[in-house]
Each structure stands twice: as C-alpha cells, then as structure tokens.
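Right, one structure below, let's go through it.
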Amino acid sequence: MNGNGENGNKSNLTLYIFSSIVLAIIVALFFPHFAESFHVGGELFLRLLKMMVVPLVVTSVMSGILGLGDIRKLGKPGGYAVLYYLATTILAVFIGLAVVNIIQPGVGTIDQATLEKVADEQAGKKPGMESATISAILNNLLLMLVTDNLVSSAAETNLLPLIVFSIVFAGLLTTMGPKVSAITELIHQANSAFMSFILLIMKLAPVGIFCLVTARFGQAQSDGKLLETLSQTGLYSLTVLVGLSIHAFITIPAILWFFTKRNPYRFMLQMGQALLTAFSTASSSATLPVTMECAIDKAKISPKSTDFVLPLGATINMDGTALYEATAAIFIAQAIGMDLGLLQQLTVAVTATLAAIGAAGIPEAGLVTMVIVLNAVGIPVEYIGLILSVDWLLDRFRTTVNVLGDSAGAAIIDKTL
Ligand code: ASP
C-alpha cells in the first residue's frame, strides 16, 4: 500500500532505537543511579522478546520445511547453510588470531602482582572446571542435537533440539498428504500470527532498549568501573573491536556482495533494528524475533530461507564469539608470558570454532565455553579473571556481529533456493 510512508516509518524506528542507545549511554555516564532505576523496564522488554523465541522457532522452522514441500529439498540449502556457518566462523577465528598476534595486547601490559591477584581470586570462585578434549567436545555437540525431553528443552530455551525436532516433524507432515492439512495450515497461521506479535513488540523497542542499555551501563558506571575498566583493558578491548570490525565491515560484506550482489552496507541498514537489538540485549536468541522480522520485511529475504537459516544460525553460527574466544585466549597467554607456537594457535583456532558453535545465544555464553579453548592449550582457567570485567561490554559487540553473520547467511542461502 503506502510503500514509501511505510519505509519511512521503518527507517525512523531504526533511528529512534539508535538515538535511544546513545541517550541511554549518556544518561548512564552522568546519572548512573537514576539510570539503574530503568532496570525493570529493560527486563520487561527482554522478557517480551524471549517469550516469543520458542514459539517462533518451532513454528517458523516447521513452516519453512512445510513451505519446501518435500523434506528432501532441504538437502541443498541446508548443506550450503552449514558450509556458510563453518566457513565464516573459521574466517572470523583467523582474523582474531591475526589481530591479536599483530597488536599483542597482552605482552608486558599486566604486572606480576595483578596476575597473582586475579589467579587467586578466580581459583577460589571457579573450582573444578573439567578439562575438555576435542573428542569430548564433539561428543557433547552431538548430544546437544537431541533432547530426552522436549518440554524441558523448551523451558530452558534450548533451541538446537527443538530445531531438530521441528525439522523432522514437519518433514514427516509433508509425507502425510491431506489427512494432516489442518495441522499444516495451523502451523503456517500460527507463524504469521507470531510475526505480527513481534511487530507489536517492536513498537516498544526504542523505550525498551533505552531501559536495557541505560540500566546496564549505569550499573557499571555506579560501580565506578566503566571508564576504569575500559582504560585497564583498553588495548585488549581495542584488539577485539578491531577484529570484529574487520569481520563485520570487510569479510561479511565481501562474501555477501560476492554471492548476492547486494550492497552490503545498505543491507546492514535494513537489518539495523536487529543489529541494535543484538547490541542492547547481548543475546542472539532474544534478538531472533527481530532478526526474522527485519530479514523478511526490510531486507526482503524470502521466508523460505529465513525460516530455518536464522533460527539455526542464532544457535550455532557465532562469528563474533569465535573471533573473541580466539583473541581472548591468546591475550591471556601473552599476559601470563606463555608463548604459543603454531600448533597451539591452530588448536586455539579449532577449539574456538567448536566453542562458538556450542555457545548458547545468551549473554556471556562465550565466556563459559572459552574454558574449552583455555584447557585445550593448557592456559590456567583462573586467568579468565583478566577479561571478566569488560566481558559484558564486548559481549554486545560480538553478539551484533553474530547476528550480522546470521542475516548475511540467510540472504546468501536465499540466492541458492
Ligand atoms: N552473547 C552471545 C550471543 O548471544 C554469545 C556470547 O558470545 O557470549 O550471541
């Protein structure tokens, strides 16, 4: 209908969200206690988004498979999707390794006393982190695909088994003919109803996002830590941000352009609301409803590809997390004076890729799975304390890159359908 007016409203919304993030940070810096009082508003918005994740994933994946008509048709795009996820994650890891080896943020920046203090503190807090071998990690990843209880997976927003179930269930429906036409129709209708629900929630986004961001930054500021943390971990944070920027502004755009001939930067603007929501929530899962809405509505990617590429991507495709895990592990090694050779750096690359695949799309999940990377090359886990203070902030940037990678993947797979 009123195409131009509608587009105008949509880009206005992105602008409103962007402005509310800037305003939120300013308020947090100058009035941290006041900013903290917005916590409830932020939590409300986050809950609304999270509430939609499980129903949306189940209906959209099923609806996507039903739309393909025949489960065997999933093979090609499914294969491309997995190939894309793996290739971009590995690229991201290598960018991280290159940047951290060139800038060397850990070398000589942390004195012995700080190292000892950090190690002592963390040793007390994190006892008994098991060592992880690559085969144990692979076994774990395999087990993560299937659940013994669908309801508890749904309750824990454990998306991977839900996606596997939805693919198989919908695939089965496609073979059952007219006797399941009512349930097939129900799934399609539920899916579009959920999408409309998300549009409704997005109307609250500028306010919700303001509350989320200002409360979190305000908390850091009133702990007196925001600028202090940034200056202490400055070079490390900068290294991570440089790596993420290279991946976000050069690698992904180049791949997107190569396969789709789309203008990658316009694509980023189209996905703007999703990227800003990712920054604000630090969770690709919570952002998923917005990512899907933007992909279909603004980036004009067909629901056929968004329906399964995005939910799967939000769960297993984490370029930003992989890049961050590799960078952080090498930073810690540099800081404690461990010299990692080529083989060990390769081990970091492999385990960072696996750790990113295994990380859930929730805030600071990457920090937890990083234990895998540290263990693999024998870096004492206690030293994770060196990067703890700034993780909540870097998490936002890497989540944004995760969501960008997923969205570009959907656009690329769309071309192959
Ligand atoms: N917060 C990230 C995400 O949801 C995961 C992580 O790197 O911690 O995508």
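Note that the numbering runs from 1 along the sequence shown for the chain. All heavy atoms count here, side chains included; hydrogens, waters and symmetry mates do not. Start at 1 and go down the list; that is how both ligands and their atoms are numbered.
- Counting heavy-atom neighbours within 6.0 Å of Tyr265 OH, excluding the residue itself, gives a total above 12.
- The single protein non-hydrogen atom nearest to atom 3 (C) of ligand 1 is Ser284 OG, 3.1 Å, given as residue, atom name and distance.
- The nearest protein atom to atom 2 (C) of ligand 1, hydrogens excluded, is given as Thr399 OG1, 3.3 Å; this is a heavy-atom distance.
- In summary, the atoms of ligand 1 found under 4.0 Å from a heavy atom of Glu364, numbered by their order in the structure, are 1 (N), 8 (O).
- Side-chain contact annotation: Thr399 with Asp395, donor-acceptor N/O pair under 3.5 Å present.
- Interface of Ala282 with ligand 1, defined as ligand atoms under 4.0 Å from a residue heavy atom, comprises 1 (N), 4 (O).
- For ligand 1, the atoms closer than 4.0 angstrom to any heavy atom of Asp395 are 1 (N), 2 (C), 6 (C), 7 (O), 8 (O).
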Could you go through Leu49 and Thr277, starting from their C-alpha distance and side-chain angles, then the distance that decides it, and tell me whether this counts as side-chain contact (heavy atoms from CB on, under 4.5 Å)? CA-CA 10 Å; Leu49 283 179; Thr277 308; 3.9 Å; yes
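- Taking a cut-off of under 4.0 Å to the non-hydrogen atoms of Gly361, the atoms of ligand 1 that pass are 3 (C), 4 (O).
- Note on ligand 1: Ala359 sits outside its first shell, no heavy atom being nearer than 4.0 Å.
- Looking at Lys298, its side chain never comes within 3.5 Å of a backbone N or O of Ala295 through a donor-acceptor pair.
- A donor-acceptor contact closer than 3.5 angstrom links the side chains of Asn101 and Gln345.
- Neither the backbone nor the side chain of Leu367 comes within contact range of ligand 1; no heavy atom lies under 4.0 Å.
- For ligand 1, the atoms sitting less than 4.0 Å from at least one non-hydrogen atom of Gly366 are 6 (C), 7 (O), 8 (O), numbered in the order shown with element in parentheses.
- Considering backbone and side-chain atoms together, Met318 places no N or O closer than 3.5 Å to any N or O of ligand 1.
- With respect to the salt-bridge test (charged N to carboxylate O, under 4.0 angstrom), the residues Lys304 and Asp307 do not qualify.
- Checking Tyr324 against Asp391 by side-chain atom types alone, a donor-acceptor pair falls below 3.5 Å.
- Within the 4.0 Å heavy-atom criterion, the part of Ala360 lying near ligand 1 is the backbone and not the side chain.
- Looking at Arg216 and Glu36, no side-chain N of the basic residue comes within less than 4.0 Å of a carboxylate O on the acidic one, giving no salt bridge.
- The shortest N or O to N or O distance between Thr321 and ligand 1 is under 3.5 Å.
- When only modelled atom types and interatomic distance are considered, Thr291 and Asp406 share no side-chain donor-acceptor pair under 3.5 Å.
- Distances below 4.0 Å separate heavy atoms of Asn402 from the following atoms of ligand 1: 2 (C), 3 (C), 9 (O).
- Annotation for ligand 1: atoms under 4.0 Å from non-hydrogen atoms of Ser283 are 4 (O).
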